[in-house]
Asker: 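Right, I'll just put the structure down here and ask away after.
For this chain, numbers begin at 1 and follow the sequence in order. What you see below is based on every heavy atom in this structure, not just the backbone, and it leaves out hydrogens, waters and symmetry mates.
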Amino acid sequence: MKKPIVTICAAAGLALTIVMAAGVAQAQRGATPLRARVAQTASAFNGPRTPDRKPDLNGIWQVLGTAHWNLEAHSASEGVPAGFSVVEGGAIPYQPSALAKRNENFQNRLMADPLRKCYMPGVPRATYLPFPFEITQTPNHIGIAYEFAHATRTIFLDGTPHMEDLDFWMGDARGKWEGDTLVVDTVSLGDKTWFDEAGNFHSDALKVVERFTPMDAAHINYEVTIDDSKVFTRSWKLSMIIYRRLEKNLELLDYECAEHLYEKLFKKGDKP
């Protein structure tokens, strides 16, 4: 009676060996093992969800960092805190002529920054200004209200195509869900906005793809791909964390932008 048991055990061991060998072979060929595939398809988000089972992004959020002053690494200066680069690889891949323009912008930033003229901040800069913003989420649209200068943005999730031959300060945004990640494609951004206060800029060919991936109920991993063939040698990425504001009775307040105050404070040659 023991012989069949030994035979069965040996067969089971052989089967296990074959499965392990197949897994090793898959890995050697670059294929993803079955266990890894399952892990990749399973959602890592355990936070609250809307009735249509999407991550609930409703609420007030804010980026805590220095990207508003400079996307790249920079030392502290008057009114500017030191910060690390949020750009993948560290540096923005400018074409030579565009880099010269960025350097010129930097020298003239106290007056040339479009925010000094109270223009809308554009995308993605609106996200990492040192001000909160509020997300209102529905199945077909996501609205974002920014505290800075009453800027707003609507992300359409209903499958409608982009508008053509129009430019908007905040762009024309179309979004979709890829699993638990909100992917937003924004075009028609014009060429009037900057990425930051340091003069990093773009042309009217700018295309922006944002990925909002909730990590938990209070954190979103925010990744942006920038594509502008007139200014950059290739597409590039930036990333940061967006934090949910949890203070009691929190609401957006008014931040009124007054251009004449900027001119009085920063225009060269003016006397106090």
Side-chain angles (χ1 to χ4, degrees), residues 61-133 146-149 151 169-171 186 189-212 219-228 230-243 255 257 259 261-263 265-268:
W61 302 82
Q62 187 169 351
V63 168
L64 304 178
T66 62
H68 158 67
W69 288 277
N70 196 333
L71 293 178
E72 298 178 312
H74 56 280
S75 300
S77 58
E78 184 176 0
V80 178
F84 294 107
S85 176
V86 297
V87 178
E88 184 179 275
I92 298 173
Y94 278 103
Q95 297 176 18
S97 60
L99 181 59
K101 175 62 177 174
R102 192 281 304 272
N103 294 339
E104 179 184 341
N105 289 344
F106 181 81
Q107 295 300 320
N108 300 321
R109 64 192 181 282
L110 294 182
M111 283 301 296
D113 183 354
L115 259 62
R116 303 289 188 187
K117 303 179 184 298
C118 299
Y119 295 155
M120 295 292 100
V123 178
R125 189 177 182 182
T127 303
Y128 46 81
L129 289 177
F131 298 91
F133 58 89
Y146 301 91
E147 187 167 280
F148 179 84
W169 286 101
M170 300 300 291
T186 303
L189 285 156
D191 61 356
K192 304 299 184 184
T193 62
W194 286 3
F195 292 117
D196 56 24
E197 195 177 81
N200 288 302
F201 74 106
H202 59 85
S203 76
D204 57 2
L206 175 66
K207 296 180 180 179
V208 176
V209 177
E210 302 161 280
R211 299 181 66 86
F212 298 79
H219 303 83
I220 296 174
N221 186 41
Y222 181 63
E223 299 179 330
V224 185
T225 299
I226 303 295
D227 189 356
D228 186 342
K230 292 183 180 180
V231 175
F232 309 112
T233 59
R234 57 174 173 80
S235 62
W236 52 279
K237 295 182 180 181
L238 61 88
S239 61
M240 60 196 68
I241 303 299
I242 305 175
Y243 298 84
Y255 182 86
C257 187
E259 182 181 358
L261 293 180
Y262 284 122
E263 291 181 350
L265 289 171
F266 298 109
K267 189 174 182 180
K268 293 182 179 179

Asker: How far apart are the closest heavy atoms of Val80 and His74, and which atoms are they?
Answerer: CG1-CD2, 3.9 Å
Asker: Going by side-chain contact (heavy atoms from CB on, under 4.5 Å), Phe201 matches just one of Asn105, Leu206, Asp196. Which one?
Answerer: Asn105
Asker: Can you check side-chain contact (heavy atoms from CB on, under 4.5 Å) on Met120 and Thr193, steps first, answer last?
Answerer: CA-CA 8 Å; Met120 295 292 100; Thr193 62; 5.8 Å; no
Asker: Return the minimal non-hydrogen interatomic distance between Asp204 and Lys230, and the atom names on each side.
Answerer: OD1-NZ, 2.8 Å
Asker: Work out which heavy atom in Met170 is nearest to a heavy atom in Thr186; give both atom names and the distance.
Answerer: O-CG2, 4.0 Å
Asker: Examine distances only and state if a side-chain atom of Glu88 and a backbone atom of Leu238 form a donor-acceptor pair shorter than 3.5 Å.
Answerer: no
Asker: Kindly compute the distance separating CG (Asp113) from CZ (Arg125), expressed to the nearest 0.5 Å.
Answerer: 4.0 Å
Asker: Compare every heavy atom of Ala67 with every heavy atom of Val86, then report the nearest pair and how far apart it is.
Answerer: CG2-CB, 4.2 Å
Asker: Roughly how far, to the nearest 0.5 Å, is the NE2 atom of His202 from the CG atom of Leu189?
Answerer: 6.0 Å
Asker: How far does OH of Tyr146 sit from CZ of Phe131, to the nearest 0.5 angstrom?
Answerer: 14.0 Å
Asker: Determine whether a donor-acceptor pair (N or O, by modelled atom type, separation under 3.5 Å) exists between the side chain of Ser235 and the backbone of Asp227.
Answerer: no
Asker: Heavy atoms only: give me the nearest Pro121-Phe148 pair and the separation to one decimal.
Answerer: CD-CD2, 4.1 Å
Asker: Decide side-chain contact (heavy atoms from CB on, under 4.5 Å) for Ile241 and Val63; before the verdict, give the C-alpha distance in whole Å, the side-chain angles of both, and the deciding distance to 0.1 Å.
Answerer: CA-CA 6 Å; Ile241 303 299; Val63 168; over 6 Å; no
Asker: Check side chain to side chain contact (heavy atoms under 4.5 Å, CB included) between Leu99 and all other residues, then give those that pass, not counting sequence neighbours.
Answerer: Tyr94, Arg102, Asn103
Asker: List the steps, then state whether side-chain contact (heavy atoms from CB on, under 4.5 Å) holds for Asn70 with Asn200.
Answerer: CA-CA 8 Å; Asn70 196 333; Asn200 288 302; 3.6 Å; yes
Asker: Between atom CZ of Phe84 and atom CD of Glu72, what is the distance when rounded to the nearest 0.5 Å?
Answerer: 14.5 Å
Asker: Between Tyr222 and Thr127, is the side-chain contact (heavy atoms from CB on, under 4.5 Å) condition met? List the steps.
Answerer: CA-CA 9 Å; Tyr222 181 63; Thr127 303; 3.2 Å; yes
Asker: Look up atom CD in Glu197 and atom CG in Leu71, then write down how far apart they are to the nearest 0.5 Å.
Answerer: 11.5 Å
Asker: Can you tell me how far CG of Leu129 sits from CD of Gln62, rounded to the nearest 0.5 angstrom?
Answerer: 9.5 Å
Asker: If you compare all heavy atoms of Cys257 against all heavy atoms of Leu115, which two are closest, and at what distance to 0.1 Å?
Answerer: SG-O, 3.9 Å
Asker: Side-chain contact, heavy-atom cut-off 4.5 Å: Arg234 with Pro93?
Answerer: yes
Asker: Dump the intermediate steps for ring-ring contact (aromatic ring centres under 6.0 Å, His included) on Phe195 and Trp236, then the final yes or no.
Answerer: CA-CA 13 Å; Phe195 292 117; Trp236 52 279; 5.7 Å; yes
